[in-house]
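So the structure is just underneath, and the comments pick up after that.
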Amino acid sequence: MTLKFYNSLTKKKEAFTPLHEGIVNIYVCGPTVYDHPHIGHAKSYVSFDVIVRYLRYVGYKVRYVQNITDVGHLTDNADAGEDKILKRAQRERLAPAELVEIYTRSYFEDMDALNNLRPDISPRATAHIPEQIELVEKLLKKGYAYESNGSVYFDVQKFSEYGKLSGRKQEELEAGARIEINPEKRNPSDFALWKKAEPDHIMRWKSPWGEGFPGWHLECSAMSMKYLGKTLDIHGGGLENIFPHHECEIAQSETANKLPFVRYWIHNNMVTVNGQKMGKSLGNFITLKDAFKKYHPLTIRFFILCTHYRSPLDFSNEALDAADKGLERLHNTIKHLRERMEYTKDDSTSSSIHEKLEYYKKKFLEAMDEDINTPGAIAVLFDLSKEVNTLLDSDKEINKKCLEDIDTFYKQLGGNILGIIPDTLQSEQKSEAETLKNIMDVLIGTRNELRKAKQWQLSDFIRNKLLEIGIALDDKPDSTTWKKIKK
RNA sequence: GGCGGCAUCGCCAAGUGGACUAAGGCCACGGUUUGCAAAACCGUUAUCCUGGGUUCGAAUCCCAGUGCCGCCUCCA
């Protein structure tokens, strides 16, 4: 079995081999923390979480770095416009550092809820200004960059391979209607490594070129280099970042180091909402916090994994409802399995289901090996589920070892790899308090029917039994209330 | 305009030229089970956008057409 990835650079599925045997260095473009994360973030980071989990499962020692962008990402990709962090901070009347803290926490909160494992390192751009300045100096020294009026730009014409990832030609870009002519640039497609800070720009650092701030693309090159080395095994991100972001990263890193920057580029596809692209300007943004009000985070995770990471995902209530039911069915099987384990004696040694599990495991791993085909892998879980349900429903004796083996299968493949099966399943998604309230409503309703029918003996029985367990009923002329009392 | 992607059962969605008379989920219908339900199980539903081509063989490759979508603004 060989793990294969679709490499955006070569546009082919390729067998994966890391640069150093047994070790995988992976860098994934993280969020710009100026707002709450949305369902697009969820798709991206769930996808890469599963990739990392799978790499670990097959035995690699993985170092997973995912940056936190807290400076330099402008509202316009062509090195114009405002800094997103700064703009938002001014709007919310917060210091940029406060804003960044709020949304970084919000980000991790939502990612934790989705059951994404934390990256091994989450470096912040503002914490790596010296490294970025150093990289700019290196590029200047090597002649790939030039200073202009306090800013430094990368000279795209010096890097003949510019465009190799996105398939864009420089000449085509130059005439780009959407790129404002910047008189500081020698060439319209040159991009900023370092930007001069205007007097009112409060996010500023001292540099050899005066006070300023780093360009957005720079942080990924500088930080990946610092933590993962000059050549990464895997670089991931959303496909909207292929151009210009990743193209610029390649240019900076490869000219600085004279080495290939990334061996495998992995890009995930985008989320649409009811068939339409999700965009700030379209007003159809769905934050995860909103989505979680309606759907359990694991449902959203499951929903995401039901589509391949390179396919677009359409977010709609109908599709989410279907996913919710599907996941519930899967969880039901495991609940029943674990209940059965509780009262099955440990009396034998051999597992009769071993061969079958091996078969399903093989199918599961084959799907995962094929460019992380999570929908295929999930289908295997359902296939097994069907067999397990039949087994549990049958009158056959099942020994404990057999049940444990099935549970281990779910825990490893559904839990450790896909992250959709928790080690302990909550029997109720609703809170205990809510459930209790609902039960009491049913009980009181039933009892009132009995009272209407003058079934005093039964209704008194209910009241007395409830009192015994610490719940007092209070019959009023038109209603019945209840409260917990001290026994 | 440039670059890229997609089109598979009512809906969602896998599919690595031959075990595809096409996985899995949701929905629907029929059945088993059940005091009745629920849950569960069994069964039923597609020749893969259209038209050509390559091949012994194509959902899978090539060409043309049609229709959607994305990136090149905001955005993972």
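A note on names: the letters A, B, ... follow the listed sequences, proteins ahead of strands, and every chain is numbered from 1.
- Looking only at distances, no side-chain donor or acceptor of A/Gln66 sits under 3.5 Å from a matching main-chain atom of A/Gly30.
- Contacts of A/Asp371 classified as salt bridge (charged side-chain N to carboxylate O under 4.0 Å, His left out), with partners at least two apart in sequence or in another chain: A/Arg310.
- Between A/Trp216 and A/His245, the two ring planes are parallel [angle under 30°; tilted spans 30° to 60°].
- Within 6.0 Å of atom NZ in A/Lys164, more than 12 heavy atoms from other residues, nucleotides or ligands are found, so the atom counts as buried in its surroundings.
- Note on A/Arg310: nothing from the nucleic acid sits closer than 4.0 angstrom, heavy atoms only.
- With a cut-off of 3.5 Å on both Watson-Crick or G-U wobble distances, the partner of B/C9 is given as none.
- Atom NZ of A/Lys226 sits in a crowded spot, with more than 12 heavy atoms from other residues, nucleotides or ligands closer than 6.0 Å.
- Pairing of B/U33, defined by two Watson-Crick or G-U wobble distances under 3.5 Å, is not identified with any nucleotide.
- Comparing the P positions of B/A13 and B/C49 gives a spacing of 15 Å, expressed to the nearest Å.
- Against RNA chain B, the stretch residues 380-387 of chain A makes heavy-atom approaches under 4.0 Å through A/Phe382, A/Asp383, A/Lys386.
- Separating the C1' atom of B/A22 from that of B/U16 is a span of 15 Å, rounded to the nearest Å.
- Centroid-to-centroid, the aromatic rings of A/Tyr60 and A/Phe16 come within less than 6.0 Å.
- In B/A19 the base sits syn relative to the sugar, since the glycosidic angle is no further than 90° from 0.
- Here A/Arg447 pairs with A/Asp475 under the side-chain hydrogen bond (donor to acceptor under 3.5 Å, both in side chains) rule; sequence neighbours left out.
- Between the P atoms of B/U8 and B/A59, the separation comes to 15 Å (whole Å).
- With a 3.5 Å ceiling on both atom-pair distances, B/C74 lacks any Watson-Crick or G-U wobble partner.
- A heavy-atom distance below 4.0 Å to RNA chain B is reached by none of the residues of residues 99-111 of chain A.
- A donor-acceptor contact closer than 3.5 angstrom is absent between the side chains of A/Tyr103 and A/Asp70.
- Cation-pi contact between A/Arg63 and A/Tyr227: absent, since separation from the ring centre below 6.0 Å together with deviation from the ring axis within 45° is not met.
- Here A/His38 and A/Phe315 keep their ring centres 6.0 angstrom or further from each other.
- Comparing the P positions of B/G15 and B/C6 gives a spacing of 11 Å, expressed to the nearest Å.
- Side-chain atoms of A/Tyr264 and A/Glu14 form no donor-acceptor pair, as typed in the model, at a separation below 3.5 Å.
- Backbone-only contact: A/Tyr34 has heavy atoms under 4.0 Å from sugar-phosphate atoms and none from a base.
- Contacts of A/Asp314 with the nucleic acid, taken as non-hydrogen atoms under 4.0 Å apart, are absent.
- The closest side-chain donor-acceptor pair between A/Arg301 and A/Asn116 falls under 3.5 angstrom.
- Checking B/A76, B/A40, B/C26 against every side-chain atom of A/His38, the shortest atom distance belongs to B/A76.
- Around the NZ atom of A/Lys87, the shell of radius 6.0 Å holds no more than 12 heavy atoms that belong to other residues, nucleotides or ligands.
- Comparing B/A40, B/C72, B/G70 by their closest approach to the side chain of A/Lys277 singles out B/G70.
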Please list, for nucleotides 14-20 of chain B, all pairs of protein and nucleotide N/O atoms separated by less than 3.5 Å.
unit_1 : atom_1 : unit_2   : atom_2 : d
B/A14  : OP1    : A/His308 : N      : 2.8
B/A14  : OP1    : A/Ser311 : OG     : 3.3
B/A14  : O3'    : A/Asn373 : ND2    : 3.2
B/A14  : O2'    : A/Asn373 : ND2    : 3.0

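- At a threshold of 4.0 angstrom between heavy atoms, the contacts of A/Gly40 include nucleobase atoms, whether or not backbone atoms are also involved.
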Review item, nucleotides 28-36 of chain B N/O atoms under 3.5 Å of protein N/O:
none

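- Of the listed nucleotides (B/A39, B/C74, B/A40), B/A39 has the atom at the smallest distance from the side chain of A/His336.
- At a cut-off of 3.5 Å, with distance as the only test, no side-chain donor of A/Ser316 or A/Asn274 sits close to an acceptor on the other residue.
- Remark on RNA chain B: of its neighbouring residues A/Ala379 and A/Lys325, the 5'-side contact belongs to A/Ala379, judged by nearest-heavy-atom nucleotide.
- For the P atom pair drawn from B/C42 and B/C61, the interatomic distance equals 34 Å after rounding to whole Å.
- Between A/Thr32 and A/Asp321, the residue anchored closer to the 5' end of RNA chain B is A/Asp321, taking for each the nucleotide with the nearest heavy atom.
- With P as the reference atom, B/C12 and B/G51 are 23 Å apart, rounded to whole Å.
- Across all strands shown, B/G17 forms no Watson-Crick or G-U wobble pair with both distances under 3.5 Å.
- Here A/Lys11 does not reach the OP1 or OP2 of B/G5: none of its side-chain N or O atoms lies under 4.0 Å away.
- With both pairing distances under 3.5 Å, B/A28 is matched to B/U44 as a Watson-Crick or G-U wobble pair.
- Ring-plane geometry between A/His246 and A/His267 is classed as tilted, the angle between the planes lying from 30 to 60 degrees on a 0 to 90 degree scale.
- In terms of modelled atom types and a separation under 3.5 Å, the side chain of A/Glu249 and the main chain of A/Ser221 share no donor-acceptor contact.
- For B/A39, the OP1/OP2 oxygens have no side-chain nitrogen or oxygen of A/Asn332 closer than 4.0 Å.
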